There are 2 protein chains.
Amino acid sequence: MSDVLSFRSSDGPGFGHAKPGTEQLRRQNLILVLSALRQSGPLSHTDISAATGLASATVTAVTADLERVGAIERMEQTATGGRGRPRVLFARRRTFAHAAIVQISSDVVQYGLADYCGRLIDRISSRRDLAAGSAENLLQDISFAVARLLQRSKLSAGDLGALSISSKGIIDSHGSRLVWSAVLENRQVDFNQLLNDFPSADLFVSNETLLVAHALAKRSFLPSDGATQSLIALSLGHSIGLGIARMEGGALSVSAPNFGHMLNAPEDKLCRCGSRGCVEASAGFYAILRTAFQVPPMTIPAKFVPLPEMEKLAISARQGNRMAQYAFRQAGLALGQGLSRVLSLNETMPVVLTGLGTRFYDLMTAGMEEGLRQSLHIRLNGLPQITIGEDETELAFDGHLDRTLAAIDQRAAMR
Amino acid sequence: MSDVLSFRSSDGPGFGHAKPGTEQLRRQNLILVLSALRQSGPLSHTDISAATGLASATVTAVTADLERVGAIERMEQTATGGRGRPRVLFARRRTFAHAAIVQISSDVVQYGLADYCGRLIDRISSRRDLAAGSAENLLQDISFAVARLLQRSKLSAGDLGALSISSKGIIDSHGSRLVWSAVLENRQVDFNQLLNDFPSADLFVSNETLLVAHALAKRSFLPSDGATQSLIALSLGHSIGLGIARMEGGALSVSAPNFGHMLNAPEDKLCRCGSRGCVEASAGFYAILRTAFQVPPMTIPAKFVPLPEMEKLAISARQGNRMAQYAFRQAGLALGQGLSRVLSLNETMPVVLTGLGTRFYDLMTAGMEEGLRQSLHIRLNGLPQITIGEDETELAFDGHLDRTLAAIDQRAAMR
DNA sequence: TTGTTTTTCTCGACAGTCGAGAAAATAACT
DNA sequence: AGTTATTTTCTCGACTGTCGAGAAAAACAA
């Protein structure tokens with residue numbers, strides 16, 4: 001129950017795009033219609049009016065505009081069955097623009113190509129040993145793979161409206177740079193160079209869990225409810241990621257705090273980032289193994305932990321092995337303490353767990369609860385609702401799609 | 001360098017006030033003009049045009065509107081000296097509305113009455129033993145004092161456009177309730193009842209440090225710079241408060257996370273909130289004394305600590321007393337660790353210290369730096385810039401004023 | 001009085017939204 | 001086949017609001 005209020009400053013003339021008078025409004029309505037079409041498939045004139053709240057006459061004007069630009073098209077009407085003038089359906093024009101989506105994970109890079117309707121046209125995935133490759137190699141690989149995707153669909157580079165890249169780790173989204181990741185460590189990657197190969201595309205670089213939070217928010221927040229809703233996505237696995245999504249006054253804002261390497265316990269166990277006492281150094285897979293096998297906590301942790309190792313450990317914990325139980329409990333404890341801080345600094349909101357680590361949630365839940373309860377905030381507001389979410393990669397993909405398409409819409413509305 | 005992106009959702013018709021078409025725009029410009037007048041004193045027609053970017057014709061329309069409503073008035077032109085048609089100055093009409101400002105601190109409640117120009121007309125302050133009084137008493141006192149202020153200026157209750165209350169502690173700003181404070185503990189106060197006595201007023205209840213952050217942001221953020229700027233206000237004293245202000249795309253958004261009672265070190269010292277290991281339990285005045293005098297850390301802390309006690313302790317620390325030095329250092333350490341978490345969860349931004357505790361900053365700085373350096377975020381991005389701000393109460397008052405006047409402007413623009 | 005200069009105000013054009021009703025297109029009915 | 005009913009789309013005039021340009025106002029200077 002922290003205390004938040006957004007405030008229109010409205011000082012000075014110039015916040016960037018001080019566009020001539022009433023045209024701002026038109027753009028807003030263009031986007032409104034486009035996003036209604038994106039969310040609810042093909043819609044008729046009347047449907048659009050209902051969905052957007054715009055007057056019928058306005059819908060005519062706006063759709064005509066969008067049709068002229070080529071962003072939407074009229075579909076051949078199906079046999080309606082009812083009587084009366086048959087409705088003509090408007091739909092986004094699939095070939096208006098395309099989006100390439102790149103999901104970088106520790107052992108594989110997945111590429112997807114989607115059309116303007118959000119349909120996945122093609123996909124490639126390439127296993128690679130990231131730890132071995134340099135940053136330049138990674139950029140080259142991405143450029144090559146995206147070019148291949150385009151070529152396979154007989155598209156040219158100019159058809160690419162957006163290129164959206166996600167990874168775990170710390171990202172400077174404004175500068176489109178990957179600042180730190182578990183596998184690449186201090187080798188920073190500046191994705192801006194990709195724009196040389198795809199100059200027509202907008203580039204987005206996002207933290208993966210941010211996208212997960214975005215997708216979860218889109219799925220679960222009712223747009224009707226104007227109140228501020230929010231949620232946390234917490235990704236458990238080799239590393240720990242966290243994303244916060246909140247709806248404030250019609251705008252969904254999402255952020256990816258640096259949770260995994262937030263200080264948890266000073267002078268505590270060594271993390272692979274080189275710091276001590278990170279959340280991840282207690283709750284990441286390598287950390288759980290380290291605790292379970294009583295490896296000295298200052299040992300430099302393994303880069304990769306095969307999942308079967310973790311499964312074995314979990315089985316042995318469930319069969320009563322005290323040390324294994326303790327390791328999972330400690331992981332839960334760190335997560336709970338960290339979450340309590342995030343909730344203190346924001347407000348209490350539901351938490352959705354994703355990632356490989358969710359399968360061990362039963363072993364961590366007690367520790368998590370204990371960690372959470374250690375703060376005043378939780379004592380005042382109670383425990384947050386914690387649920388387990390669906391497939392992480394799929395959620396992240398949805399997040400990619402929603403954000404890139406929205407960005408393309410925005411650009412389309414700019415003329 | 002966390003990863004933040006705000007995103008216009010624009011789905012569905014209804015975000016609350018879906019007002020008829022273009023009138024939204026008019027309101028925006030009304031507010032634009034009003035806030036230009038608030039920020040830059042009386043302005044002529046041309047000045048307004050320059051400051052807001054609106055066309056001269058629009059300024060005529062808007063000012064006519066505002067004049068009709070009574071929000072602004074033309075001032076008698078001074079002897080200009082120059083030649084040409086003399087400029088007529090527009091100014092906010094002082095009597096259009098009034099704002100009462102209530103600042104609750106541990107030992108005194110300060111009341112202020114300001115006019116629509118932001119000028120302080122009158123003030124009262126009333127010492128009181130908050131710990132003794134009940135919540136109902138507090139409400140009655142406030143109601144009485146505000147009524148007295150109005151009466152002394154020969155105003156009626158209907159002239160009160162806004163009532164803004166601040167306190168340290170945890171506040172549910174949406175519900176206008178004080179959820180927890182050091183002095184009132186669990187006696188929650190629901191300020192909404194005050195609206196019975198002042199039905200024409202808008203009620204605002206804010207965390208004090210939030211207002212400080214707001215005021216600091218208004219003072220230091222250049223409105224010209226469109227980039228997202230942000231800062232942290234950290235209030236040091238008997239209790240610890242923190243406010244975050246950030247400018248995103250022309251909108252200033254401010255929040256007051258629950259920092260003082262965020263979990264710092266599990267199972268650590270007892271805090272007066274009843275939890276263990278809060279930041280405040282290491283960094284509040286009572287905590288520093290407790291450490292210095294080696295009182296057992298589980299002792300229930302004193303409610304109040306006279307400032308001279310702290311001064312004495314500081315002198316002895318500066319003269320070399322090890323235990324006193326250690327106490328301040330531990331306070332700094334907790335603050336640094338806590339700050340590192342806040343920065344991890346947001347982005348690196350400047351920190352401004354306020355409050356009585358700033359006079360001991362020299363004794364805490366080493367500990368703070370140590371605490372900050374324990375996290376990956378700081379290692380990547382460097383230490384934040386830390387400065388000492390001006391008088392806390394004055395800053396909070398400025399924050400009050402800016403927010404309430406802006407709110408009144410908003411309401412004025414609604415017809 | 002007549003110009004000069006500076007500021008404010010007015011006018012017509014333009015862009016956009018809205019409500020109402022006309023037009024279109026089909027099924028059902030005779 | 002022709003007519004009516006029904007449903008949907010489109011058109012028209014009114015309204016609100018902004019903008020640029022130039023007219024009007026109000027002072028000083030000659």
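Each chain gets a letter, A, B and so on, in the order its sequence line appears, and its residues count up from 1. Bear in mind that the values here come from a model prediction, so they are computed numbers and not experimental data.
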Q. What's the CG-P distance between Leu89(A) and dT7(D), to the nearest Å?
A. 17 Å

Q) With a 4.0 Å cut-off on heavy atoms, is Ser56(B) in touch with a base, just the backbone sugar-phosphate, or nothing at all? A) base

Q | Minimum-distance nucleotide to Ala57(A) side chain [options: dT8(C), dG19(C), dC10(D)] | A | dG19(C)

Q: State the OG-CG distance between Ser44(B) and Asp47(B), to the nearest 0.5 angstrom.
A: 3.0 Å

Q | Nucleotide dT9(D), atom P - distance to CZ of Phe90(A) in whole Å | A | 8 Å

(Q) Looking only at the side chain of Leu54(A) (C-beta and beyond, no hydrogens), which of the listed nucleotides dC18(C), dC10(D), dT10(C) gets closest? (A) dC18(C)

(Q) Using OP1 and OP2 only, check whether a side-chain N or O of Thr46(B) sits under 4.0 Å from dT6(C). (A) no

Q.
Expressed as a whole number of angstroms, how long is the span from His45(B):NE2 to dT10(C):C1'?
A. 11 Å

Q. Any side-chain heavy atom of Arg26(A) sitting closer than 4.5 Å to one from Asp65(A)?
A. yes

Q) In whole angstroms, how far is the P atom of dT17(C) from the CZ atom of Arg27(B)? A) 16 Å

Q) Quick one: on DNA chain C, does Ala61(A) or Arg85(A) contact a more 5' nucleotide (nearest heavy atom)? A) Ala61(A)

Q) Ile31(A) versus Gln410(A): any side-chain heavy-atom pair under 4.5 Å? A) yes

**Q.** Interatomic distance, Ile48(A) CD1 vs dT17(C) P [rounded to whole Å]
**A.** 14 Å

**Q.** Length of the line joining Glu23(B):CD and dC15(D):C1', which is rounded to integer Å
**A.** 10 Å

Q. Under 4.0 Å between a side-chain N/O of Thr58(B) and OP1 or OP2 of dC19(D), yes or no?
A. yes

Q: Side-chain contact test, heavy atoms from C-beta onward, threshold under 4.5 Å: evaluate it for Ile244(B) versus Met349(B) and give yes or no.
A: yes

Q.
So, does Thr22(A) get its side chain near the phosphate of dT16(D), meaning an N or O under 4.0 Å from OP1 or OP2?
A. no

**Q.** Of Leu25(A) and Asp47(B), the one whose closest DNA chain C nucleotide lies more 5'
**A.** Asp47(B)

Q: Rounded off to whole Å, could you give me the CD-to-P distance for the Glu67(B) and dC9(C) pair?
A: 9 Å

Q. The side chain of Arg83(A) lies closest to which of these nucleotides: dT8(D), dT6(D), dA27(D)?
A. dT6(D)

(Q) Nearest to the Arg26(A) side chain among dC19(D), dT17(C), dT8(C), which nucleotide is it? (A) dT17(C)

Q.
Any heavy-atom pair between the side chains of Arg87(A) and His45(A) that's under 4.5 Å?
A. no

Q.
Measuring from the side chain of Val88(B) (C-beta onward, heavy atoms only), which nucleotide among dT18(D), dT8(C), dA20(C) has the closest atom?
A. dT8(C)

Q: Could you check how far CG of Leu32(A) sits from P of dT17(C), rounded to whole Å?
A: 11 Å

Q) Asn29(A) side chain N/O closer than 4.0 Å to the phosphate oxygens (OP1, OP2) of dG16(C)? A) no

